[in-house]
Amino acid sequence: MTDYTQWLQANDQFLAQAMSDLRNRLLHAGDEASARHGDAPPAIAPPSQARGAWLSRLFAKPAAADKAAASSDEPAAPLTSDADVPVPALVLLADRLGLSAFERQLLMLCVGMELDPGFAALCARAHGDPGKPWPTFALAFAVLDEPSWDALSPHRPLRFWHLLDIHQPGPQPLVNAALSADERVVNFVKGLNQLDGRLAPLLSPLAPAPLPPSQRMAADRILEHLRHAAPSHPLPPVQLLGHDAAGKQAIACAVAGGLGMHPYRLPAEMLPHAIADQETLIRLWLRESQLMPVALYLDAGEAEPGEAAAAALKRILARVSGPVFLDTREPWPALGGTALSVDVAKPTSIEQRAHWQHALGASAGDHPRHLAAHFDFDLGKIERVAQTALAAAHSPDTLGPALWQDALARTRPALDQLAQRIEPKATWEDLKLPEHEAGLLRQIADQVARRGVVYDDWGFRERMNRGLSVSALFAGESGTGKTMAAEVIANALDLSLYRIDLSAVVSKYIGETEKNLRRLFDAADNGGAILFFDEADALFGRRSEVKDSHDRYANIEVNYLLQRLETFRGLAILATNMKSALDSAFLRRIRFIVNFPFPGAPERKAIWASAFPPQVAVGALDLERLARLALTGGSIQGIALNAAFMAARAGTPVTMPLLLEAARGEFRKLEKPINEADFRWLESAGAAP
């Protein structure tokens, strides 16, 4: 027989004895009520003085109830006193919640209604009214020892802790209102210790996760601080700062485990809006913290200080005692100096590389270095990717692609909701740029590919506090190849490419632009993606002299984006059609600036030569003449596509007349002056082969 089984038997015996005493009291009260109405009651002796003394001993406060502990499902061990006598759950609850002897008996009376259906008839008989088959305060005053009027107070435990449900319709007096025991309390008294059903939809347990050495040190510091907190004061809240939500949860779980507690996460967006509902939530949690070894993890990662959810969180932090963790990006000034603030960063690149090595084992090879350089994963995600890839790979040659594709797949969901994903198809051969600009693009790709070697193997990361990102500005007219160049780099590195239109991100509402950018970078922090910001001048051209609050917030938005660009581990490309409109301070902080010039005749000829796929039937084209048309690469591609549709409709190859007709339409669209001689084609003139 297990310890819990033995405790449960003793607890059931205690409940049976307590219910037997209450049954006798109700029978005696019923006899008196029947006598008042002239009925002939059966001869039942009232509770003896000895029985009353025994009941007082049963409800006496245990000598060392604080040694008892309850787990999430059942007591971890029998609840015992110093005399090694099992402590019933009702006695433990009464001791922890501060119930008087009368309140303990009243609670047991209501619990008895749930455990013995016969109590309803006994209550009705004791009331002398068959229409009142339930306990009331008035009935308790009549049948229980040491009745106290203050038990009705909303500040006393029965009502403050929501131990009783009071059913008081209309103008009915409180003393005559029907009473019932809270379901959670009934379960606890019976020996089932589980989270309150009203809290379960809002809370989720935090699961233990592996911690890298850097985060383990942070957890140990927090645990040491909490263990040495003054016993006479409540434990201070712990602010976990930063963007690594998984790391913060793992640290909180480790600290709570060190204190012998189970942590539960409460997201800020799940908090009720009404203050009355918030008060109920607070009291229910406070009650749970008395009945179970639990710690609260408040997830405010998405909450702003001025929002309603933030106000509710502050109210909870001011009321809740015990271990409380606050997940937030920046410190909350409202907490003052009472909170313990700890910065939590993701595992370092070296720690990630070591965990990749551990997770892949003998199959690791050079994969850990490559993956750690491009992805910023927590240890749990590293293990999941490694396990999935090892199970899917059929040979050592397929392990690398399996790891890479699974890692990319795990970074996509968050970014897909915030930016437009571009499928990169262009290659280096598709670029038609001057040698210098093409060389800069290859240099960008090389730095992204080899940053793990330079930053980690060669130690540059330890010397640099900022500027570890690779940022580039692509400047040039529309259609000169900026987007294609980003595709080429993404294709060469096998990374995802996401286009962000900054003109759509910028909001007229104060603070919204920063919030949009924060969500974007938080999603991109896992790596595996290139961020391509189009229309960069929509934001970076706005910084100016501060004349009003909007100018000040516009400058804050620029500074925020610059800060996140510098800390972003991946490649960020900003594109603009108006380089002259950009702030010079911004340009100094960009590592690469690539100018995309209007293509000259040689570049235009090369673009025309590669404008059609090999499957297209093309007639004799005069590339020299086509190259004389002052068009960008984007316009040339559009003309080639329109000409192909014309040829498909006519059922002929793509010919010079079709191309010139399509070019005329492009000139009109761009509102360029048209010289008809430039678009006239005489077959007798022939064509260059």
Side-chain angles (χ1 to χ4, degrees), residues 15 18-19 21-23 25-30 32-33 89-90 93-94 97-190 192 194-202 272 274-288 290-291:
L15 292 176
M19 290 175 64
D21 179 79
L22 289 172
R23 192 178 296 109
R25 290 172 179 271
L26 292 172
L27 283 170
H28 178 65
E32 292 182 345
L90 177 63
L93 180 144
L97 301 184
L99 274 69
S100 68
F102 172 71
E103 290 167 337
R104 291 194 292 266
Q105 294 180 70
L106 174 54
L107 180 61
M108 185 63 227
L109 177 62
C110 295
V111 170
M113 289 287 295
E114 304 294 335
L115 302 182
D116 185 355
F119 263 51
L122 292 174
C123 287
R125 193 164 182 267
H127 281 297
D129 183 353
K132 298 176 67 175
W134 50 67
T136 64
F137 283 115
L139 179 61
F141 292 154
V143 303
L144 300 180
D145 297 332
E146 303 177 13
S148 175
W149 184 261
D150 67 353
L152 282 69
S153 169
H155 302 291
R156 288 293 299 168
L158 288 178
R159 296 181 64 186
F160 181 86
W161 295 112
H162 295 274
L163 303 181
L164 298 180
D165 293 327
I166 301 176
H167 310 278
Q168 187 181 9
Q172 186 181 50
L174 177 61
V175 294
N176 291 329
L179 303 178
S180 61
D182 182 80
E183 180 183 356
R184 168 72 170 101
V185 174
V186 174
N187 290 335
F188 183 86
V189 169
K190 198 67 177 70
L192 182 63
Q194 293 179 331
L195 196 68
D196 192 295
R198 287 163 290 186
L199 294 178
L202 307 178
I275 294 181
D277 294 335
Q278 294 173 15
E279 179 64 22
T280 300
L281 171 63
I282 291 171
R283 293 194 186 186
L284 291 178
W285 174 260
L286 287 172
R287 191 180 73 179
E288 288 301 311
Q290 296 294 323
L291 303 181

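Values below: all heavy atoms of this structure, side chains included; hydrogens, waters and symmetry mates excluded.
Separation of atoms CZ (Arg159) and CG (Asp165) is listed at 11.5 Å; rounding is to 0.5 Å. Atom-to-atom distance recorded for Asp116:CG and Leu15:CG is 12.0 Å, nearest 0.5 angstrom. If you take CD on Glu146 and OG on Ser100, they are separated by 8.0 Å, rounding to the nearest 0.5 Å. To the nearest 0.5 Å, the span separating NE2 on His162 from CZ on Arg287 amounts to 8.0 Å. Note that CZ of Arg125 and CG of Leu26 are 10.5 Å apart. Values are rounded to the nearest 0.5 Å.
Among all heavy-atom pairs drawn from Gly197 and Pro201, the shortest one is O-CD, 3.1 Å. Across all non-hydrogen atoms, the minimal contact from Val186 to Ala181 is CG2-CB, 3.6 Å. The shortest heavy-atom contact between Gly98 and Pro157 is O-CG, 3.3 Å.
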List the atom pairs, with distances to 0.1 Å, where a side-chain N or O of residues 132-141 and a protein N or O form a donor-acceptor pair under 3.5 Å, not counting sequence neighbours.
residue : atom : partner : partner atom : Å
Thr136  : OG1  : Ala138  : N            : 3.4
Thr136  : OG1  : Leu139  : N            : 3.0

For a quick test of your reading: what N or O donor-acceptor pairs under 3.5 Å do the side chains of residues 275-282 make, sequence neighbours left out?
residue : atom : partner : partner atom : Å
Gln278  : OE1  : Arg315  : NH1          : 2.2
Gln278  : NE2  : Pro272  : O            : 3.0
Gln278  : NE2  : His273  : O            : 3.2
Glu279  : OE1  : Arg319  : NH1          : 2.7
Glu279  : OE2  : Arg283  : NE           : 2.8
Glu279  : OE2  : Arg283  : NH2          : 3.4
Glu279  : OE2  : Arg319  : NH1          : 3.4
Glu279  : OE2  : Arg319  : NH2          : 2.9
Thr280  : OG1  : Ala276  : O            : 3.2

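Atom CD of Glu183 has 12 or fewer heavy atoms from other residues, nucleotides or ligands within 6.0 Å.
Between Leu144 and Met108 there is no side-chain heavy-atom pair separated by less than 4.5 Å. Taking the side chain as every heavy atom from C-beta outward, His167 and Ser180 approach each other to under 4.5 Å. Using a 4.5 Å heavy-atom cutoff, the side chains of Val143 and Leu22 are not in contact. Using a 4.5 Å cut-off on side-chain heavy atoms (C-beta onward), Leu284 and Arg184 make no contact. Residues Leu163 and Leu99 are in side-chain contact: their nearest non-hydrogen atoms beyond the backbone lie under 4.5 Å apart.
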Criterion side chain to side chain contact (heavy atoms under 4.5 Å, CB included) on Ile166 and Leu179, from CA distance to verdict: CA-CA 5 Å; Ile166 301 176; Leu179 303 178; 3.8 Å; yes

Given Leu93 and Leu107, is the side chain to side chain contact (heavy atoms under 4.5 Å, CB included) satisfied, shown in steps? CA-CA 11 Å; Leu93 180 144; Leu107 180 61; 3.7 Å; yes

Please lay out, stage by stage, how Asp196 and Asp182 fare under the test side chain to side chain contact (heavy atoms under 4.5 Å, CB included). CA-CA 10 Å; Asp196 192 295; Asp182 182 80; 4.0 Å; yes

Evaluate Val185 against Trp161 for side chain to side chain contact (heavy atoms under 4.5 Å, CB included), listing each step before the verdict. CA-CA 10 Å; Val185 174; Trp161 295 112; over 6 Å; no

